[in-house]
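Labels below follow one simple rule: chain letters A, B, ... track the order of the sequence lines, proteins then strands, and each chain is numbered from 1. Computed from a prediction, not measured in an experiment: that's the story for all the values here.
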Protein chains: 2
Amino acid sequence: MTMSNTGGRRKPPTIHDVAREAGVSRGTVSRVLNGGHYVSPAAAQAVDAAIRRTGYVVNRHARSLITGRSDSVGFLLTEPQERFFEDPNFNVLLRGCTQALAAHDIPLLMMLAGTDDERRRITRYITAGHVDGVLLVSSHSGDPVAEELRAAGVPLVACGKPIGLRSKVSYVAADDRDGARDMVRHLLALGRRRIGVVTGPLDTPGGVERLAGYREVLSEAGVEADERLIVSGDYTRAGGEAGAERLLAQAPGMDAVFVASDLMAQGVLTALHRAGRRVPEDVAVGGFDDSPAAVAASPELTTIRQPWDRISSEMVRVLLAQIGGEDPAAVILPTELVKRAST
Amino acid sequence: MTMSNTGGRRKPPTIHDVAREAGVSRGTVSRVLNGGHYVSPAAAQAVDAAIRRTGYVVNRHARSLITGRSDSVGFLLTEPQERFFEDPNFNVLLRGCTQALAAHDIPLLMMLAGTDDERRRITRYITAGHVDGVLLVSSHSGDPVAEELRAAGVPLVACGKPIGLRSKVSYVAADDRDGARDMVRHLLALGRRRIGVVTGPLDTPGGVERLAGYREVLSEAGVEADERLIVSGDYTRAGGEAGAERLLAQAPGMDAVFVASDLMAQGVLTALHRAGRRVPEDVAVGGFDDSPAAVAASPELTTIRQPWDRISSEMVRVLLAQIGGEDPAAVILPTELVKRAST
DNA sequence: TTCTCTACTGTGAACGCTCACAGAAGCGGC
DNA sequence: GCCGCTTCTGTGAGCGTTCACAGTAGAGAA
């Protein structure tokens, strides 16, 4: 009964083959596979050896069919994908989540819900139980998908604090407000007093929180607030450029700018350069993110580093806990001021 | 028999429920689900209605268990992940593949094989039949993983032409050589004659092919070859900078450079600027990729656009064909010259 | 009428696993 | 001896689907 090796794939060994090979029953093999409780050392060893000899790998479909779990997790990206897909942080996050899940032998399923059609398909897919939980990456949080999935009882962890949701949603986020405070304190320590800010979109938690941190520190320091020093941006390079121009027009005496993202900060640098302002001599510029854009800029950007590697591992940790039955949780992680040439 | 809606997930309807609801047998429902052949219009309609009423979604695990297919595909990234994860093209590719697969209702599983450990785990996972096929993104192609998977009979499509593989591997690639030819012809048409080149790594197909295109056009045009005009780079910004410096030292009379990637071209611009050469007046600079770096550069880069969206959709098409039993195939897609300010 | 062919439908078996349960074996205490 | 308890093992059932097969009904041909 020889079988050709080329072309077709050979039928893989089953738990039954392993049991026969090890001289035990299916049940015993299954117990070894799932933690090894109530198995004699001799049996466990025989099974391990048989698994190695036969090259057995568990059939996840058969397992899932009976357990009801899929042992897989969705990585869901909603809404304006362009913004994310150009964001290098997205890559770090994706990689971190994939690796953290791999350590638990859980595959990550990529899901994009840009259009309404996709959103419906994916919601259906998820609520049908094809994944055990969802890692949600959404920009304008307050996402309807999150609400819907939570209502269906799907374990869910968002990246960044969701705002305006009624149901309780787990999330992991960097401490945006504290990062902003650090940056503005740094600018104050350099002797700057007319500090402008280009915020992120104010329907995002990052936009709101970073601005709040800015206001807090200035008010603590007794610097009078000046709304002309505050403009809002959209996290794009062009938005940063436009924001800086507006600031220069409204508040020519500005001696520093806190920009809510590195990409926007690049635009700010361009605009300042064009206006003949030297950085950092005339105007100090602080970014946020510590993205590759920060070191690509000239001068290199002082910025706030978000702990993306920890964010991803925490997201996975919280999600798995929730799948295991624990309650939703929020995790806020500290940021770090990275000093470079622009301040 | 009411059931709490909050908290636990309700047990989903099965094909049996649908059959009962529609007044037909499981077999008929299954036939409707899988193409609807040999089903009367009346029955098909009744089943469709029942599916809608019950909110039935097929249990993929049960299906996979019996069909032996997983109806899922792996997106495998091997080796130096850093290079890829910083490459915006990676994002476009990932998104394109995800969407193209979604159209066939096939989930994409993210797989990273950076370390040897991961490589082993993933090879095992794949050959165990947990995915039906693999989309391979590998830098230094000639990848051992590709060979191993092909040997195991796993359908596989590589992004970019694999080199030095014994087994026959499908691939989809942009026409690197032709793109290079277009760029060099463009530089010649501008009257440039001392045209330098910063190549990609010469163990990658892109590195080899783009250099070949350069040589071809110059020899066709009767321009004498000068090895001092050729330096090799590594696709990084710093590598581009170093390459340009070497070119300026070896061939000061150079009036154009063809750079094998936009990121390197940014470095080239920096070096030229430092050396006091004006772009494009003194030295014209052509890039490759049309990445965001191309428009971020100043002056904006003339470059070669690779059709990433088509590359991803073709990869999926070829892979699905191969899963369907067709032979491995190679697809080469045309590139496009994008003229901007640097030439 | 009868036979054949096509279009359609229902049924049991099987996919590979886990789970619940029953039972065996060993041990100590009465 | 019997009992209970713990540790370990094997067995049958069943998860939700597809597939092969058997069977029915109706149309058309002989």
Could A:Glu314 and A:Arg317 be called an ion pair, given the rule that one side-chain N must be under 4.0 Å from one carboxylate O?
yes
Whole-Å gap separating C1' (C:dC17) and NE2 (B:His130):
12 Å
5'-most contact on DNA chain C (nearest-nucleotide basis), A:Ile15 vs B:Ala44, goes to B:Ala44
Closest approach to the side chain of A:Thr14, judged atom by atom: which nucleotide of C:dG16, C:dT9, D:dG16 is it?
C:dG16
Between B:Ser25 and C:dT11, is there a contact of a side-chain N or O with OP1 or OP2 at under 4.0 Å?
no
In whole angstrom, give the distance that lies between atom CZ of A:Arg60 and atom P of C:dT18.
11 Å
Starting at the 5' end of DNA chain C, which residue's closest nucleotide do you reach first, B:Gly23 or A:Asn59?
B:Gly23
What pair of heavy atoms forms the shortest contact from A:Arg60 to A:Pro107, and how long is it?
NH2-CD, 3.3 Å
Please report, rounded to the nearest Å, how far the P atom of C:dT18 is from the NE2 atom of A:His61.
14 Å
side-chain N/O B:Ser64 vs D:dT17 OP1/OP2, d < 4.0 Å
no
Provide, to the nearest angstrom, the distance between the NZ atom belonging to A:Lys11 and the P atom belonging to C:dG16.
5 Å
Would you work out how much the helix from C:dT1-D:dA30 to C:dC30-D:dG1 bends between its ends, with each end axis defined by five base pairs, to 10 degrees?
60°
Taking NZ, NE, NH1 and NH2 as the nitrogens, is one of them in B:Arg121 or B:Glu118 under 4.0 Å from a carboxylate oxygen of the other?
no
Side-chain N or O of B:Thr67 versus OP1/OP2 of D:dT17: is the shortest distance under 4.0 Å?
no
Heavy-atom distance under 4.5 Å between the side chains of A:Pro205 and A:Tyr171, does that happen here?
no
Answer yes or no: does a side-chain N or O of B:Tyr38 lie under 4.0 Å from OP1 or OP2 of D:dC21?
no
Specify the separation, in whole Å, of atom CD of A:Gln45 and atom C1' of D:dC8.
17 Å
B:Ser72 (side chain) donor-acceptor with B:Leu108 (main chain) under 3.5 angstrom:
no
State whether A:Asn34 places a side-chain N or O below 4.0 Å from either non-bridging phosphate oxygen (OP1 or OP2) of C:dT18.
yes
Rounded to whole angstroms, how far apart are CZ on A:Arg31 and P on C:dG16?
21 Å
Is there a side-chain contact between B:Met110 and B:Leu94, using heavy atoms and a 4.5 Å cut-off?
yes
Here's a test of your reading of the structure: between B:Ala62 and A:Ile66, which maps to the more 5' nucleotide of DNA chain D?
A:Ile66
Below the 4.0 Å mark, does D:dC19 have OP1 or OP2 next to a side-chain nitrogen or oxygen of B:Ser30?
no
Minimum heavy-atom separation for B:Gln322 and B:Ser170, please, with both atom names.
OE1-OG, 2.6 Å
Interatomic distance, B:Leu65 CG vs C:dA13 C1' [rounded to whole Å]:
13 Å
Can you measure A:His16 atom NE2 to D:dA13 atom C1' for me and round it to whole angstrom units?
15 Å
